[in-house]
Chemist: 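Below: one structure in structure tokens.
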Protein chains: 2
Amino acid sequence: MARPREFDTKEAIASICDQFWSDGYEATGIADLESATGLARARLYSAFGSKQGMLYEAIDFYLESRINVIFSRVDDGGIAGVANFFRTFAQIVAEHPERAEMGCLVVNSMIEFGRSEPELVERADRYRERVRGAFRSALERDAAEGRLAGNVESLADLAYVMLMGLYVTVKGGAPLEEINRLCGIAIEVVESWQVEAR
Amino acid sequence: MARPREFDTKEAIASICDQFWSDGYEATGIADLESATGLARARLYSAFGSKQGMLYEAIDFYLESRINVIFSRVDDGGIAGVANFFRTFAQIVAEHPERAEMGCLVVNSMIEFGRSEPELVERADRYRERVRGAFRSALERDAAEGRLAGNVESLADLAYVMLMGLYVTVKGGAPLEEINRLCGIAIEVVESWQVEAR
DNA sequence: TATGTTGTTTACCAATCGGTAAAATTATGT
DNA sequence: ACATAATTTTACCGATTGGTAAACAACATA
């Protein structure tokens, strides 16, 4: 019932998200957020309260929006969907290295802050649940038809762990051939879960 | 042929290493390094040149000293050695959470800096080589006696990827039961490599 | 003992950090 | 039209950041 915002909050958050995602929290200054959003610092602070608040909202956005893009091909693809996810991962590293280097916003934040901030720990929990959930729901289809060797939970966990390992390795600047090798192994592991329907 | 140092450089590096290891690079100020080492900033700078230089030396120290402690039990333990490594990992998380939260200095640095600094990328390469080397040399014994299902390189790679995934998860503050579950899965995977000697 | 060389101490610096106070502006409810 | 309540703008702040200049102290050599 007063003057309305002139900018779209969601758009701003999206830009802030990408900024934190590519440079990390500590390494991005308010000035960077200003140029990423095109908004003066006072506007950012009046909308989000603090730099930490901006990170929280950025991660929430990542968790409810960006992550869907990443896992879109997995959700109902069965074992093949999971394997294809890792194939796509390798492909992105090869074709869009600057994108791949960004890794995952949540993983990056987890490592920057550790468990020092409960707000982040809780979001990290949600993240892991989301990732494993994607793998789980993909595997459940094959499991229901008796084509999965092993139980869904454990295999989804394993896929999750391997993905985290890959994120770290890519961020660390490992050579392309090494990434390809590791992805190949992950794919082999995933495909070894396939068994003749009985 | 002049005034000698009054402090032990290696000792200082060890303290600096632990400081960076537990708090990260950006989050530790020169003041933290002063109190960690007991040395005034000017002494640190005259010895190491810059904060980045201190990180480089810290990682070198980590790579040639701290890491040996971590992997000491793996090196010639065969498949069981690798499995025990993951068992010990779970045990440390349970019994020394503050230690476990530190994760790995190189992993943490990789994620903080990405591939932006060649000095770090090169050290990350050495790190991965060291980790895989530990797993490889452990597995080679069993492989030579025909007790390993699969080739040494790939399985060492897989162990490496799983370990990285665990580091990330622990740093992210995952609940103990989750860590235990993931470690259990890693152990199962490793033990599944064992095959009757022929 | 004089000198050159290095390490130590003290005090300091410019720059950047995240954050904010207050005035100016603009839509809304009455 | 007017008061109200919110946003935008501008300018600013204290604290901290990584880093250093210069005076002083100790050792080796000549």
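Computed from a prediction, not measured in an experiment: that's the story for all the values here. A, B, ... follow the sequence lines: proteins, then strands. Residue 1 opens every chain.
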Chemist: Using heavy atoms and a sub-4.0 Å distance, could you list which residues of residues 24-39 of chain A are near DNA chain D? By number, please.
Modeler: none

Chemist: Between C/dT25 atom P and A/Phe7 atom CZ, what is the distance in whole Å?
Modeler: 20 Å

Chemist: With sequence neighbours left out, which residue pairs that include part of residues 95-110 of chain A fulfil the salt bridge (Lys or Arg N to Asp or Glu O under 4.0 Å) condition?
Modeler: A/Glu101-B/Arg115

Chemist: Please report the end-to-end axis angle for the helix from C/dT1-D/dA30 to C/dT30-D/dA1, five pairs per end, rounded to 10 degrees.
Modeler: 0°

Chemist: Between atom CD in B/Gln19 and atom C1' in D/dG18, what is the gap in whole Å?
Modeler: 15 Å

Chemist: I'd like a table of atom pairs between the protein and nucleotides 9-13 of chain C - only N or O on both sides, under 3.5 Å - with the distance next to each one.
Modeler:
| unit_1 | atom_1 | unit_2 | atom_2 | d |
| --- | --- | --- | --- | --- |
| C/dT9 | OP2 | B/Arg43 | NH1 | 3.2 |

Chemist: Ignoring hydrogens and angles, are the base of C/dT5 and the side chain of B/Arg3 linked by a donor-acceptor pair under 3.5 Å?
Modeler: no

Chemist: According to side-chain hydrogen bond (donor to acceptor under 3.5 Å, both in side chains), does anything in residues 11-21 of chain B pair up with another residue at least two apart or in another chain? List the pairs.
Modeler: B/Asp18-B/Arg66, B/Gln19-B/Asp23

Chemist: Measure from the side-chain heavy atoms of B/Arg5 and tell me the nearest of C/dG7, D/dT8, D/dG18.
Modeler: C/dG7

Chemist: So which nucleotide from C/dT8, C/dA27, D/dG19 ends up closest to the side chain of A/Pro4?
Modeler: C/dA27

Chemist: Got a sec, which residues hit salt bridge (Lys or Arg N to Asp or Glu O under 4.0 Å) with A/Glu178, two or more places apart in sequence or on another chain?
Modeler: B/Arg128, B/Arg132

Chemist: Checking B/Arg87 now: which residues fulfil side-chain hydrogen bond (donor to acceptor under 3.5 Å, both in side chains) with it, not counting sequence neighbours?
Modeler: B/Asn84, B/Glu191

Chemist: Rounded to the nearest Å, what distance is computed from the NZ atom of residue B/Lys51 to the C1' atom of nucleotide C/dA15?
Modeler: 15 Å

Chemist: Keeping B/Lys51 on the side-chain end and B/Thr28 on the backbone end, is there a donor-acceptor pair under 3.5 Å?
Modeler: yes

Chemist: Hey, are B/Arg136 and B/Glu129 close enough for a salt bridge, meaning a charged N less than 4.0 Å from a carboxylate O?
Modeler: yes

Chemist: B/Tyr45 has an atom OH; how far is it from atom C1' of D/dT20, in whole Å?
Modeler: 10 Å

Chemist: Taking ring-ring contact (aromatic ring centres under 6.0 Å, His included) as the definition, give me every residue that meets it alongside A/Tyr25, ordered by chain and number, with sequence neighbours left out.
Modeler: A/Phe20, A/Phe113

Chemist: Students often get this wrong, so: under 4.0 angstrom with heavy atoms, is B/Phe48 touching a base, only sugar-phosphate, or nothing?
Modeler: nothing

Chemist: Got a sec, which residues hit side-chain hydrogen bond (donor to acceptor under 3.5 Å, both in side chains) with A/Arg126, two or more places apart in sequence or on another chain?
Modeler: A/Asp60, A/Glu122

Chemist: Going by salt bridge (Lys or Arg N to Asp or Glu O under 4.0 Å), name the pairs with one or both residues in residues 29-38 of chain A, residues two or more places apart or in two chains.
Modeler: A/Glu34-A/Arg41

Chemist: What pairs meet the ring-ring contact (aromatic ring centres under 6.0 Å, His included) rule with one or both residues in residues 33-55 of chain B, with sequence neighbours excluded?
Modeler: none

Chemist: When the side chains of residues 153-167 of chain A are checked against the rest of the protein, which donor-acceptor pairs come out under 3.5 Å, sequence neighbours left out?
Modeler:
| unit_1 | atom_1 | unit_2 | atom_2 | d |
| --- | --- | --- | --- | --- |
| A/Ser154 | OG | A/Asn151 | OD1 | 3.3 |
| A/Ser154 | OG | A/Asn151 | ND2 | 3.2 |
| A/Asp157 | OD1 | B/Arg181 | NH2 | 3.1 |
| A/Asp157 | OD2 | B/Arg181 | NE | 2.7 |
| A/Asp157 | OD2 | B/Arg181 | NH2 | 3.0 |
| A/Tyr160 | OH | B/Thr169 | OG1 | 2.7 |

